[in-house]
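Comments concern the structure below.
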Amino acid sequence: MSLFNRLKIVWRKLRGNHYSWPALDISLPGNREFHLVGSIHMGTQDMSPLPARLLQKIQQADALIVEANVADSETPFRDLPVFAPLEERLGEEQLHALEKRASDLGLSLALFSTQPLWQIAMALQATQAQQLGLRPEYGVDYQLLQVAQSERIRIIELEGAARQIALLCALPDNGMALLEDTLTHWHTNARLLQMMIGWWLERPPARPGVTLPNTFSEGLYDVLMHQRNRAWRDFLHALPAGRYVVAVGALHLYGEGSLPEMMA
């Protein structure tokens with residue numbers, strides 16, 4: 001990267017975020033401009049519509065880049081393997097913790113008995129978000145996709161749903177660590193969701209180095225965050241000249257090993 005581009009990145013870091021939503025701008029050689037948006041996959045009703053200035057960026061972009069096209073109506077959870085009942089896969093303490101959390105959410109464990117553990121963790125997280133008032137139709141990436149489709153802006157997937165499911169299926173012990181982290185950091189995750197909603201409704205982080213509460217074990221964080229950030233960096237670096245709006249989960253934009261840090 002040229003000295004000029006490095007100086008631009010340093011200047012933008014010092015200046016901080018000047019948008020009313022969580023976002024960072026990255027310029028790469030070859031006339032490639034990226035507006036990185038910290039998305040939340042489920043949002044509240046007062047997060048719609050999105051800021052007019054962000055909608056304008058979509059309209060002026062050559063493409064919208066997302067983790068996966070969540071506006072696609074096909075379910076990504078078809079043809080998943082069937083596992084032994086939970087009683088055969090979890091220890092007594094783990095099963096008790098899961099039963100309690102499911103009961104608090106009004107869920108029956110019979111619904112999850114033979115599902116992979118990562119899918120159970122995701123179901124718990126989605127239900128928690130819904131109880132906090134979040135809905136998928138108000139998610140940032142979903143709304144951006146709706147605008148891009150109406151404006152006939154090209155949509156590019158960083159991964160796609162099938163690749164994301166394959167990543168989850170490859171987790172050791174069919175996602176035991178993700179389920180354990182979900183149960184252990186339950187209240188921390190709720191605070192993190194509320195914090196990210198505040199970034200959209202009140203004020204985004206002023207600096208990319210913001211400290212976030214930890215809700216993943218080290219190994220899981222490396223797989224779900226660092227490794228994906230590196231893959232996305234390589235993908236984005238390979239794109240031709242153009243203006244791109246890139247919507248990824250907000251946690252990918254901040255902290256150590258963030259996507260903006262890797263792209264710089």
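Count residues from 1 along the sequence.
The stretch residues 172-181 participates, sequence neighbours left out, in these side chain to side chain donor-acceptor pair (under 3.5 Å) pairs: Arg89-Asn174, Gln94-Glu180, Asp181-Ser217. Residue pairs meeting the salt bridge (charged side-chain N to carboxylate O under 4.0 Å, His left out) criterion with at least one partner in residues 121-136, sequence neighbours excluded, do not occur; the list is empty. Listed by first then second residue, pairs satisfying ring-ring contact (aromatic ring centres under 6.0 Å, His included) with a partner in residues 176-199 read Trp199-Tyr254, not counting sequence neighbours.
Residues forming a side chain to side chain contact (heavy atoms under 4.5 Å, CB included) with Glu87 (at least two apart in sequence, or on another chain): Pro85, Leu95. Looking at residues two or more places apart in sequence or on another chain, you find a side chain to side chain contact (heavy atoms under 4.5 Å, CB included) between Leu167 and Val223, Leu224, Arg228. For Phe216, the ring pair (Phe, Tyr, Trp, His ring centres under 6.0 Å) test picks out no residue, with sequence neighbours left out. Every residue two or more places apart in sequence or in another chain was checked for a salt bridge (charged side-chain N to carboxylate O under 4.0 Å, His left out) with Arg53, and none qualifies. Residues passing the ring pair (Phe, Tyr, Trp, His ring centres under 6.0 Å) test with Phe112: none are found, sequence neighbours excluded. The ring pair (Phe, Tyr, Trp, His ring centres under 6.0 Å) check on His96 picks up nothing, with sequence neighbours excluded. Listed by chain and number, the residues in a ring pair (Phe, Tyr, Trp, His ring centres under 6.0 Å) with Tyr142 amount to none (sequence neighbours excluded).
Think of Phe83 as one node in a network of Ile, Leu, Val, Met, Phe, Trp and Tyr side chains linked at under 4.5 Å; it has no links at all.
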Pair up each side-chain donor or acceptor in residues 99-107 with any protein partner under 3.5 Å, not counting sequence neighbours, and list the distances.
unit_1: Lys100; atom_1: NZ; unit_2: Asp104; atom_2: OD2; d: 3.2

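In summary, of the residues considered (Thr182, Thr215, Asn189), a side chain to side chain donor-acceptor pair (under 3.5 Å) with Gln125 occurs for Thr182 alone.
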